[in-house]
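Hydrogens, waters and symmetry mates play no part in the numbers below; they use all other heavy atoms, side chains included. Labels below follow one simple rule: chain letters A, B, ... track the order of the sequence lines, proteins then strands, and each chain is numbered from 1.
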Protein chains: 2
Amino acid sequence: MIRTVFWKDDTVVMIDQKALPYEERHLVCRRYEEVIAAIKDLSIRGAPAIGVATAMGIALGTLHLSPVSGGEMKAAFNRICHEFSQARPTARNLFWAVERMRRCFDETFASGAQTVKKVLVAEAIRICEEDIAINRQMGIHGRLVIKDGDHILTHCNAGALATAGYGTALGVIRAAREEGKTLHVYMDETRPILQGARLTAWELVKENIPATLITDSMAGFLMKQGKIALVIVGADRIAANGDVANKIGTYSLAVLAKENHIPFYVAAPLSTIDMGIKDGDGIPIEERNGEEVLTFHGVRTAPEGVMVYNPAFDVTPNHYITAIITEAGVAVRPYEETIARLIDKNCQGSGES
Amino acid sequence: MIRTVFWKDDTVVMIDQKALPYEERHLVCRRYEEVIAAIKDLSIRGAPAIGVATAMGIALGTLHLSPVSGGEMKAAFNRICHEFSQARPTARNLFWAVERMRRCFDETFASGAQTVKKVLVAEAIRICEEDIAINRQMGIHGRLVIKDGDHILTHCNAGALATAGYGTALGVIRAAREEGKTLHVYMDETRPILQGARLTAWELVKENIPATLITDSMAGFLMKQGKIALVIVGADRIAANGDVANKIGTYSLAVLAKENHIPFYVAAPLSTIDMGIKDGDGIPIEERNGEEVLTFHGVRTAPEGVMVYNPAFDVTPNHYITAIITEAGVAVRPYEETIARLIDKNCQGSGES
């Protein structure tokens, strides 16, 4: 099984996704700043994976603190949390992880620095383990939407590499396969960073799941030709009303799916849902360096003098989404109600308030 | 002015579009087989440019024939025409050019080989000159759809480089600019061959038309954000009912434009219209080598073992198209009637039957 990020001997180890599919190598982060750098430069990406890396990075940073007072400890911890919060703006799980680690810190703060450090490391490891369990649970709920023989379209990478392991959208696909269903995956290459071509293809080939690569512009034509039974993608942040921020191009797929009467599913853990944001308009959309669009593998594609626009995500309004698959169950319209119900159920189930 | 393809000293000269935007160099074809190779390997592309190159290539091939009899001449000419017909399957203008050169050959055949050769060269040069005039005429009709200050989205390259010069979709944009309108063009990079990033950007930068490059997956989000006033693209083949085959991704743009209440225009000469094909289902769609998708500037993007699908074009049903801009005027729904009327008018105007 692919383990995207894990804790080992007081370091945070992650698959270096920038090197895929050419080379399978690990990054070993010994300082929390290295974890932040890995999040920023996309060595690790995908909202749930960023969440796990953030939790582990905060634990790592706290582990190396040598405060002389409780106040100093708290200030240093806050600084680390703040730095992580600045790493990337859209992925909800990053902020969710900061909040959870902060809560953990606050709850154990009175027990002293050594306890805090131990508890935070344990919490980060727990978040990682939970993420895989959550993905498997999502798979159990989601696999019902896949029929034997289906051709499925996915975008970007919402696989093991976007999580601690197993995956959200690809987790659902894996779960359907584990049930014995035969299926075939079409994946968009996902310019500019090519997560589809580089990462999703790598995962699917590794597991012998039949997979066909297309450019982003081909997805609509496939749908029109009747070649796609369903679309399933991940999410970077979901508003309380079910509007979904995900990799740029997701909105277009959702519109094309609707036009062609194809169900469009989003698979994401509850930690991707931001109940503090009413609708998609409130979700901050990261704009990345234009060089990503202007170049490929360091080779310039366009002439000097051209301008560039490079939003990393877009927002898909809830009415295009057939269902949102979470670990607590499947939400359908009206999402305001069904999402709130799932979160409620989950809090009661886990004993959280 | 950019001259994409022209006749010079019994050679066919063309801008080598594979070298753009890095280098501006010309290919000089001394044998008709070199013209076919240039069409096949996309050194020249765009339906009208392919049409002109085909006419010139047939003239070039005929010029070098040394037949001992009229029958031999005819057989050799047919062979050349047949070879051009096999070069690429979708661009209507290729077949239109073959038919026109064939008609010219048949009309002058009785006058002997030397006359035939002279007349065919003259006809090919005329087709080239006409193409530019047609584009300018298209611009005069089409510029009315562009308002001062508009942000326009285009896909692939339907510019000077897709024609003998001036362009179809970019011709309309040029004409609006020549009228004094300020405007801004967003262009999709157009994977896999990047005609948008390499060619359209090159043309627009060259003429100081404000231009912003995006990946294909960003177009929908731009439309949703209200950043696009209209979409205008070219065409590779148009069926009698107005269904349009154009660069892969066009269909998606048309659906997204409709969903966002944005007008969607196609600019193409009447020679792109195939009255022999009732609707888009009859248009042959070229599938190209998967390597185009699997690589980016020669660098492999996806792991070994992944399958690939690479249709070069898609078909946009007529009901997504606001208007088709031609040199004879602008066709709107119902296209069956308006297209037939424009072709009729054009035949009467030019004295053709």
Q.
To check you understand the geometry: which heavy-atom pair defines the closest contact between B/P21 and A/A302, and what is its length?
A. CG-C, 4.0 Å
Q: Kindly give the heavy-atom pair with the smallest separation between A/F221 and B/Y251, and that separation in Å.
A: N-CD2, 3.9 Å
Q) So which part of A/K258 gets closer than 4.5 Å to some heavy atom of chain B, the side chain, the backbone, both or neither? A) side chain
(Q) Quick check on B/V308 against chain A: is it the side chain, the backbone, both or neither that has a heavy atom closer than 4.5 Å? (A) both
Q. Looking at A/P317, A/P311, A/G290, A/P192, which makes the most heavy-atom pairs under 4.5 Å with chain B?
A. A/P311
Q) Can you tell if the side chain of A/V306 reaches within under 4.5 Å of the side chain of B/L204, non-hydrogen atoms only? A) no
Q | Heavy-atom closest pair, residues B/A197 and A/P303 | A | O-CD, 3.3 Å
Q. Given the options A/T250, A/I285, A/N260, which has more heavy-atom pairs under 4.5 Å with chain B than any of the others?
A. A/N260
Q.
Minimum heavy-atom separation for B/L256 and A/S252, please, with both atom names.
A. CD1-OG, 3.5 Å
Q) Applying a criterion of heavy atom separation less than 4.5 Å, what residues of residues 208-220 of chain A form contacts with chain B? A) A/P210, A/A211, A/T212, A/L213, A/I214, A/T215, A/D216, A/S217, A/M218, A/G220
Q: Supply the atom-to-atom distance B/T301 OG1 to A/R191 CZ, rounded to the nearest 0.5 angstrom.
A: 10.0 Å
Q: Against chain A, label B/K247 side chain, backbone, both or neither, depending on which of its atoms sit under 4.5 Å from a heavy atom there.
A: neither
Q: Give the C-alpha distance, both sets of side-chain angles, the deciding distance and a yes or no for side-chain contact (heavy atoms from CB on, under 4.5 Å) between A/E259 and B/Y320.
A: CA-CA 12 Å; A/E259 188 74 6; B/Y320 293 107; 2.6 Å; yes
**Q.** Neighbourhood of chain B inside residues 223-244 of chain A, taking heavy atoms under 4.5 Å as contact
**A.** A/K224, A/Q225, A/K227
Q. Got a second to check how far A/M307's CE is from B/M187's CE, nearest 0.5 Å?
A. 8.0 Å
Q.
Rounded to the nearest 0.5 Å, what separates atom CG in B/L222 from atom CD1 in A/I248?
A. 7.5 Å
Q. Counting only heavy atoms not in A/K18, do more than 12 sit closer than 6.0 Å to its NZ atom?
A. no
